[in-house]
Amino acid sequence: MQIKTLKMDLSAVSATQYPTEGYPEIALLGRSNVGKSSLINTLVQRKKFARTSSTPGKTRTLNFYQINEAFYLVDVPGYGYAKVSKKQRAEFGVMIEEYLTTRQPLKGVIILVDGRRAPTADDISMYQFVSYYHLPTLVVATKMDKVKGNQWNKTISAVNKTLNLNQTDQLQLFSSQTKSGQAEVWQWIENQI
């Protein structure tokens, strides 16, 4: 996809703060430090557009990135990071659940998992949650540049088996370093919006 316009539109913690244009939205979900910001930066071909953090759990709001004045990529706070208090985790959970279950412009979700290991219990719970609500889902296994080529089938098998992927959902291997999988992720997004 050719990026003509790009802006970090707003950060929100409740429905009253969401964008009002009605543009389609694709949410990015995943554990803290799995590479959501890196995926966004790779897709939009900007190194520091979405801020990456060396401190997991730093994203505390829904961040709406407007692309081509046509749709949003929505960076959702990472889940599963222990240094965030139980109270904050509960608040994130309510915010994320409200967004995923009530947002009309939401056209699909991308769940990022670490391609170097099997999905975690948190990943399984998130996948089951979005499946229950019949949200079109692309699972992206990140950091594949750190996995030897002859081990990629092992990653595919582990993700498929652990998440028990539906027939309609897809899996894509991805690396922000090599840009492997970038075109396929864009194709999926374009199909949803």
### Query
Do T42 side-chain atoms and S38 backbone N/O form a donor-acceptor pair below 3.5 Å?
yes
### Query
Does a donor on one side chain and an acceptor on the other come within less than 3.5 Å for D145 and T178?
no
### Message
Can you classify the ring geometry of F64 versus Y18 as parallel (below 30°), tilted (30 to 60°) or perpendicular (above 60°)?
### Response
tilted
### Summary
Per side-chain contact (heavy atoms from CB on, under 4.5 Å), Y127 is matched among V159, N166, D122 by N166
### Query
CD/Q172 to CD/Q187 distance, rounded to the nearest 0.5 angstrom?
11.0 Å
### Query
Do D169 side-chain atoms and L138 backbone N/O form a donor-acceptor pair below 3.5 Å?
no
### Query
What's the verdict on ring-ring contact (aromatic ring centres under 6.0 Å, His included) for F49 and Y65, showing C-alpha distance, side-chain angles and the deciding distance?
CA-CA 9 Å; F49 177 64; Y65 297 100; 5.1 Å; yes
### S125 versus D123, side-chain donor and acceptor atoms under 3.5 Å
no
Quiz: residues 102-109 side-chain donor-acceptor pairs under 3.5 angstrom, not counting sequence neighbours:
residue: T102; atom: OG1; partner: E98; partner atom: O; Å: 2.5
residue: R103; atom: NE; partner: E25; partner atom: OE1; Å: 3.1
residue: R103; atom: NE; partner: E25; partner atom: OE2; Å: 3.1
residue: R103; atom: NH2; partner: P19; partner atom: O; Å: 2.8
residue: R103; atom: NH2; partner: E25; partner atom: OE2; Å: 2.7

### Message
Checking Q66 against L6 for the side-chain contact (heavy atoms from CB on, under 4.5 Å) test, could you report, in this order, the C-alpha distance in whole Å, the side-chain angles of both residues, the deciding distance, and whether it holds?
### Response
CA-CA 6 Å; Q66 189 187 100; L6 180 64; over 6 Å; no
### Query
Does M144 reach the side chain of F174, with side-chain heavy atoms less than 4.5 Å apart?
no
### Query
Does the pair L112 and I110 meet the rule for a side-chain contact (heavy atoms from CB on, under 4.5 Å), with working shown?
CA-CA 6 Å; L112 287 78; I110 298 174; 3.7 Å; yes
